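Below is one structure; the comments refer to it alone.
Just so you know, these numbers come straight off a predicted model, no measurement behind them.
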Amino acid sequence: MEASESSYRKGGASASINGESISKEAVMNKLHRLEFPALKTVEKKELRTLYIDADEDHVALQYLEKKGDIRNPRINTVMPWIIYVYEGVEGDEEGRPHLINPKYFGGVYDGQEAGGRLWTEVLEYLDEAYDLDAVERIYINGDGAAWIRTGEKIIPKSKYALDKYHMHKYIIAATSHLEDSAEDARGEIYRAIHRKKKWMAEGAFDRIIGITDKETKRKAVEQAKAYILGNWSGIMIAMKSGDSNVRCSAEGHVSHVYADRMSSRPLGWCRTGADKMSRLRIYRQNQGNMLGTGKISEKRNETGIGCRGDHLFRHRNDKNGKKPTNENWEYWQICQCMTFPIRRSKR
């Protein structure tokens, strides 16, 4: 589906026939009407351990409710969430790690119970795909955001583990200004972590704060201290697990699944568009059928006209009095990035 990879304009161009391009507005309207099916599995598996990674992207909005209503640029973002479940990590022939049987969930979720709704979707899949009575532990890897830690309350037998990327990030931020003493300060914090002594880590941060004169740097150290101590239990879960699969690749997945289309370039979205595009990217990542739109349902428009490709050709038959050639039909099936509603001509 071209529109999931590039602009609406290119998506419309790839779905054109006989040089007649579909407008980018039609592509956008089509996207806004898409509804995606829940993941289905063939049989339940029995595994002792499962892994879940979670993170979010930051996508720029053009407006909140209507165009021109954004006055503060700091509130013009929406965060599509991503969660993926997998059975472990294996290396390919070149030694690069690959997730085993990953399944993805996500979209834009609003409201007080937003996190609970997404995690409930994940739980429903887990219950269908795995024998949860046989599962002994489910690790939830993430950066400690509140919506991620909500997963512990919903997913049975789960434990939250702080991903090492964010742990290292905050430790480096707290020590980078110490110049020659930076390595010694980091080593003191890491020793406290490996010895599983929270009070030692707290003391190390306090000593760094004591020798930091610049106010902005002091605030950065205090923020790092609050983050590390606030996620101490997640750090200890990762340390004690002894499982090499307890690691997090969420940053890379956010970049590949979301940011590559939605935020790595200067783009602006409406809330509905950001939600539908993120779900479309998730659907693609789950290897959903992108050519056969029978797998993706669509809300019908007010005229009651559906959006299957054969409507387009019936329309052309009525207008031109000819049936489409096999070549044109094959071209439509292969190149169609989306199917679009075509209003029937009045008789």
Side-chain angles (χ1 to χ4, degrees), residues 47-56 83-91 97 99-100 115 119 132 135-212 217-253:
L47 296 174
R48 296 177 59 186
T49 309
L50 292 171
Y51 308 89
I52 301 175
D53 292 359
D55 204 354
E56 70 276 330
I83 295 175
Y84 50 98
V85 178
Y86 56 102
E87 300 167 5
V89 182
E90 62 182 359
L99 303 183
I100 301 173
W119 282 109
L132 293 182
V135 173
E136 297 178 3
R137 176 66 65 218
I138 300 176
Y139 290 102
I140 299 176
N141 306 301
D143 61 7
W147 74 268
I148 295 176
R149 304 197 69 164
T150 299
E152 270 191 299
K153 302 175 183 177
I154 296 176
I155 306 299
K157 304 177 183 179
S158 66
K159 290 290 184 181
Y160 159 71
L162 179 69
D163 71 85
K164 292 182 180 179
Y165 167 80
H166 284 89
M167 182 184 76
H168 296 318
K169 173 184 173 181
Y170 277 89
I171 291 175
I172 291 173
T175 57
S176 60
H177 64 287
L178 298 179
E179 298 179 350
D180 294 341
S181 303
E183 289 296 328
D184 293 335
R186 288 172 199 161
E188 192 173 348
I189 296 171
Y190 285 126
R191 277 193 297 273
I193 291 172
H194 285 287
R195 293 177 183 178
K196 305 177 180 64
K197 297 185 182 298
K198 187 175 181 179
W199 62 269
M200 285 182 60
E202 184 174 6
F205 279 111
D206 288 340
R207 284 189 287 276
I208 296 172
I209 293 172
I211 61 174
T212 301
K217 290 295 183 180
R218 189 182 302 111
K219 288 182 178 179
V221 179
E222 291 172 348
Q223 184 181 13
K225 173 186 174 182
Y227 184 84
I228 296 298
L229 299 183
N231 286 282
W232 190 261
S233 61
I235 296 173
M236 292 300 102
I237 289 295
M239 290 287 297
K240 295 175 182 178
S241 69
D243 189 335
S244 61
N245 289 324
V246 180
R247 44 181 162 167
C248 187
S249 58
E251 292 290 331
H253 277 85

Please report, to 0.1 Å, the donor-acceptor pairs under 3.5 Å made by any side chain of residues 155-167, with sequence neighbours excluded.
unit_1	atom_1	unit_2	atom_2	d
Lys157	NZ	Leu132	O	2.8
Lys157	NZ	Asp133	O	3.3
Lys157	NZ	Val135	O	2.7
Ser158	OG	Ile155	O	2.7
Tyr160	OH	Gly144	N	3.0
Tyr160	OH	Asn231	OD1	3.0
Asp163	OD1	Tyr165	N	3.2
Asp163	OD1	His166	N	3.0
Asp163	OD1	His166	ND1	3.0
Asp163	OD2	Asp143	N	3.4
Asp163	OD2	His166	ND1	3.0

Tell me which donor-acceptor pairs under 3.5 Å the side chains of residues 189-205 have, and how far apart each pair is, sequence neighbours excluded?
unit_1	atom_1	unit_2	atom_2	d
Tyr190	OH	His168	ND1	2.8

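Glu136 meets the salt bridge (Lys or Arg N to Asp or Glu O under 4.0 Å) test with Arg48; sequence neighbours excluded. Listed by chain and residue number, nothing satisfies the salt bridge (Lys or Arg N to Asp or Glu O under 4.0 Å) test with Glu152 (two or more places apart in sequence, or in another chain). Every residue meeting the side-chain contact (heavy atoms from CB on, under 4.5 Å) condition with Thr212, not counting sequence neighbours, appears here in chain and number order: His177, Ile208, Lys217, Arg218, Val221. Residues passing the side-chain contact (heavy atoms from CB on, under 4.5 Å) test with Ser181, sequence neighbours excluded: Leu178. Qualifying side-chain hydrogen bond (donor to acceptor under 3.5 Å, both in side chains) partners for Lys225, counting only residues two or more places apart in sequence or in other chains: Asp206. Applying the side-chain hydrogen bond (donor to acceptor under 3.5 Å, both in side chains) criterion to Arg186, with sequence neighbours excluded, gives Thr175, Glu183. Ser233 pairs by the side-chain contact (heavy atoms from CB on, under 4.5 Å) definition with Arg149, not counting sequence neighbours. In this structure, Tyr227 has no side-chain hydrogen bond (donor to acceptor under 3.5 Å, both in side chains) partners at least two apart in sequence or on a different chain. Take Arg207 and apply the side-chain hydrogen bond (donor to acceptor under 3.5 Å, both in side chains) test, not counting sequence neighbours, and it matches Glu188.
One N or O on the side chain of Tyr84 and one on the backbone of Ala250 form a donor-acceptor pair closer than 3.5 Å. Formation of a donor-acceptor pair under 3.5 Å by the Trp119 side chain with backbone atoms of Lys153 is not found in this model.
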Q) Please walk me through it: do Tyr139 and Ile52 pass side chain to side chain contact (heavy atoms under 4.5 Å, CB included)? A) CA-CA 6 Å; Tyr139 290 102; Ile52 301 175; over 6 Å; no
Q: Assess whether side chain to side chain contact (heavy atoms under 4.5 Å, CB included) is satisfied between Glu87 and Leu50, documenting all intermediate values.
A: CA-CA 5 Å; Glu87 300 167 5; Leu50 292 171; 4.1 Å; yes
(Q) I'd like to know whether Ile138 forms a side chain to side chain contact (heavy atoms under 4.5 Å, CB included) with Tyr51, so could you lay out the CA-CA distance, the side-chain angles of the two residues, the decisive distance to 0.1 Å, and finally the verdict. (A) CA-CA 6 Å; Ile138 300 176; Tyr51 308 89; over 6 Å; no
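With contacts defined as side-chain heavy-atom distances shorter than 4.5 Å, the pair Tyr86/Ile100 does not qualify.
For the atom pair CD1 of Ile228 and NZ of Lys169, the computed distance is 11.5 Å after rounding to the nearest 0.5 Å. Considering CG of Asp55 and CG of Asn141, their distance stands at 11.0 Å, rounded to 0.5 Å.
Residue pairs meeting the salt bridge (charged side-chain N to carboxylate O under 4.0 Å, His left out) criterion with at least one member in residues 227-252, sequence neighbours excluded, do not occur.
The two residues Ile83 and Ala54 have their closest heavy-atom pair at CG1-CB, 3.9 Å.
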